[in-house]
Amino acid sequence: MTDVLKWMDEMIEEHEVLKPSGNVISQSFSVLIFAFRLKAKLTQQELADNAGVTVKTIHRAEGGSGGITDKTYQKIFDALAITPEDMADALSKKSNAGERDLVHY
């Protein structure tokens with residue numbers, strides 16, 4: 001899991017457009033879903049099919065726009081084999097990053 005989070009950070013650093021917007025949970029989950037989808041070598045359509053949701057839902061979830069229900073997140077997490085520990089790590093990492101950002105201002 002640590003390698004995936006490190007890889008996510010590197011991708012975000014290199015590609016400004018990947019920085020999610022929205023609330024902290026949506027932001028954290030968006031990066032987590034995107035990274036796990038790429039690691040699994042799935043397209044958004046393939047993930048949508050596996051999770052039983054629409055491609056638009058995957059797009060929204062990866063964009064961090066919010067408005068995704070917990071049941072929908074669970075379908076996506078199940079399709080990507082994302083564990084509760086992975087979710088907690090992502091939320092913790094986002095929280096810690098926010099604290100570091102405050103120090104720089």
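Since this is a predicted model, take the numbers as computed values, not measurements. For the numbers below, each heavy atom of this structure counts, side chains included, while hydrogens, waters and symmetry mates do not.
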D89 side-chain N/O to D86 backbone N/O, donor-acceptor pair under 3.5 Å:
no

Please tell me if the side chains of I68 and F29 come closer than 4.5 Å, counting only heavy atoms from C-beta onward.
no

Which pair of non-hydrogen atoms, one from A79 and one from L47, has the smallest distance, and what is that distance?
CB-CD1, 3.8 Å

Across all chains, not counting sequence neighbours, the side chain to side chain contact (heavy atoms under 4.5 Å, CB included) partners of K41 are none

Shortest non-hydrogen contact from Q44 to H59?
NE2-CA, 3.9 Å

So, taking the atom named CZ in R37 and the one named CG in L32, what distance separates them when rounded to the nearest 0.5 Å?
12.5 Å

Mind checking the CG-OG1 spacing from L38 to T43? Nearest 0.5 Å is all I need.
10.5 Å

Quick check on I25: does its CD1 atom have over 12 non-hydrogen neighbours (other residues, nucleotides or ligands) under 6.0 Å away?
no

Per the side chain to side chain contact (heavy atoms under 4.5 Å, CB included) rule, which among T54, V53, I58 passes with K56?
T54

Under the salt bridge (charged side-chain N to carboxylate O under 4.0 Å, His left out) test, residues paired with R60 that sit two or more places apart
none

Show me the donor-acceptor pairs within less than 3.5 Å that the side chains of residues 70-78 make with the rest of the protein, sequence neighbours left out.
residue, atom, partner, partner atom, Å
T72, OG1, T69, OG1, 2.9
Q74, NE2, D78, OD1, 2.7

Verdict with reasoning, L42 to L80, per side chain to side chain contact (heavy atoms under 4.5 Å, CB included)
CA-CA 9 Å; L42 295 172; L80 291 169; 4.0 Å; yes

Assess, by modelled atom type and distance only, whether the side chains of E85 and T83 contain a donor and an acceptor separated by less than 3.5 Å.
yes

Non-hydrogen atoms of S30 and A61 that approach each other most closely
CB-O, 3.0 Å

